[in-house]
Amino acid sequence: MRGLLALVAAVVAVAVSSTMAEAGPKWAIVVHGGAGVIERKDLTPEQDKAYRAAMARVTEAGAAVLRKGGSALDAIEAAIRFMEDDPLFNAGRGAVFAADGRNELDSSIMDGRTLAAGAVADVTRTRHPISLARAVMEHSPHVFLVGDGADAFAKSRGLEQVDPSFFFTERRWRSLVRELEEQQLPIPPRPPGAPGASEARAALAHDEGKHGTVGVVALDEHGDIAAGTSTGGTTAKRWGRVGDSPVIGAGTYASNAACAVSATGTGEYFIRLTVARTICALVQYKGMGLQAAADEVIQKELTAMQGDGGVIAIAPDGQMAWSFNTSGMYRARLADGQPLVVGIYKDDP
Ligand code: ASP
């Protein structure tokens with residue numbers, strides 16, 4: 001009898017602990033600040049510290065929303081607005097320049113609960129493109145707005161408008177000049193209203209190559225997931241080029257039936273592989289784990305195509321993943337009851 005009781009107790013204990021393990025965190029958030037050529041030897045200790053601190057701050061900004069019971073969408077918008085204002089990142093202020101010397105901003109957001117989505121491209125006056133993408137999703141009958149029309153819609157919604165010179169940073173300007181010289185293309189005049197040639201934080205930022213988009217995926221306590229992405233695109237882009245970041249299914253995707261993904265990298269490859277949606281399809285239809293699905297697309301398909309970049313991902317059960325085939329990706333994750341993890345280089349945790 002005693003043996004039987006012990007057996008029953010053991011079975012119950014195993015059942016309880018496995019349910020607890022399956023329950024997953026109440027909320028979770030994963031953030032990226034761009035992938036590219038980011039090697040330990042290239043970053044000064046100050047740069048390394050500045051990026052890690054920024055990633056921690058941004059993640060905390062999103063987690064603060066989730067901790068209070070806020071929605072994944074609110075957390076994503078809060079965290080991305082933060083990064084759009086931080087000149088360390090290629091989004092909002094600090095965005096890279098197009099060949100014509102303008103900052104042309106792209107962004108998108110998707111709600112995994114309803115599959116509602118909003119996206120904007122080629123925005124030049126709206127301070128927070130992520131908030132504009134959300135306004136498109138929530139207050140227009142459309143999914144994707146571009147150019148002056150998108151800025152006009154932002155204005156009609158009362159979103160903050162700024163002079164285009166607001167987005168100017170010296171280091172991105174220098175990257176543009178370098179790139180145009182290499183390509184033997186004409187160098188446009190410094191944009192009107194651009195500040196003088198010395199900017200305090202310019203020296204801190206590392207030039208990670210042509211990109212450095214930002215993105216956030218989150219799970220809230222209601223069990224809903226969402227994804228958002230914001231970028232200046234690629235340095236010296238031409239002819240109204242738009243990358244994957246505002247393309248739903250390529251740079252951003254979210255469905256409660258599978259996962260939420262935000263990507264960074266050379267957008268032309270991410271569009272052709274519909275990276276974000278493909279990862280979620282592998283989870284949804286093939287039953288793959290989130291990390292395995294992300295690796296399948298990034299390490300195998302993207303790499304085979306010689307594309308470069310990475311993704312962050314989250315699932316409604318609290319699985320979190322990142323995968324990139326570049327030497328680094330600014331990244332961080334935090335979940336209810338779990339410690340903050342911040343990484344930059346490939347061999348970081
Ligand atoms: N994916 C972005 C684009 O192609 C750039 C980046 O992630 O750095 O516009």
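Since this is a predicted model, take the numbers as computed values, not measurements. When a residue number appears, it is its place in the shown sequence, counting from 1. Start at 1 and go down the list; that is how both ligands and their atoms are numbered.
When atom types are taken as modelled, the side chain of Gln319 and the backbone of Ile314 share no donor-acceptor pair closer than 3.5 angstrom. Between the side chain of Arg331 and the backbone N or O of Ile344, at least one donor-acceptor pair lies under 3.5 Å.
Ligand 1 has a nitrogen or oxygen under 3.5 angstrom from a nitrogen or oxygen of Gly265. Taking distance alone, with nitrogen or oxygen atoms compared against 3.5 Å, Thr213 approaches ligand 1 more closely than that limit.
Taking the six-membered ring for Trp and thresholds of 30 and 60 degrees, Tyr330 and Tyr51 have nearly parallel ring planes, at less than 30 degrees apart.
In this structure, Gly34 has no heavy atom closer than 4.0 Å to ligand 1.
Here is the list of ligand 1 atoms found below 4.0 Å of a heavy atom in Gly233: 5 (C), 9 (O). Interface atoms of ligand 1 facing Ser245, defined by a heavy-atom separation under 4.0 Å, are 1 (N), 2 (C).
Taken together through direct or relayed side-chain contacts under 4.5 Å among Ile, Leu, Val, Met, Phe, Trp and Tyr, Ile130 and Phe144 form parts of separate hydrophobic clusters.
Closest heavy-atom contact between Glu84 and Ser230: OE2-OG, 2.6 Å.
Taking each of Asp244, Val275, Thr264, Val247 in turn, the one with a heavy atom nearest to atom 1 (N) of ligand 1 proves to be Asp244.
Contacts between Arg241 and ligand 1 below 4.0 angstrom, taking non-hydrogen atoms only, involve the side chain exclusively.
Ring pair Phe97/Phe168: centre-to-centre distance below 6.0 Å.
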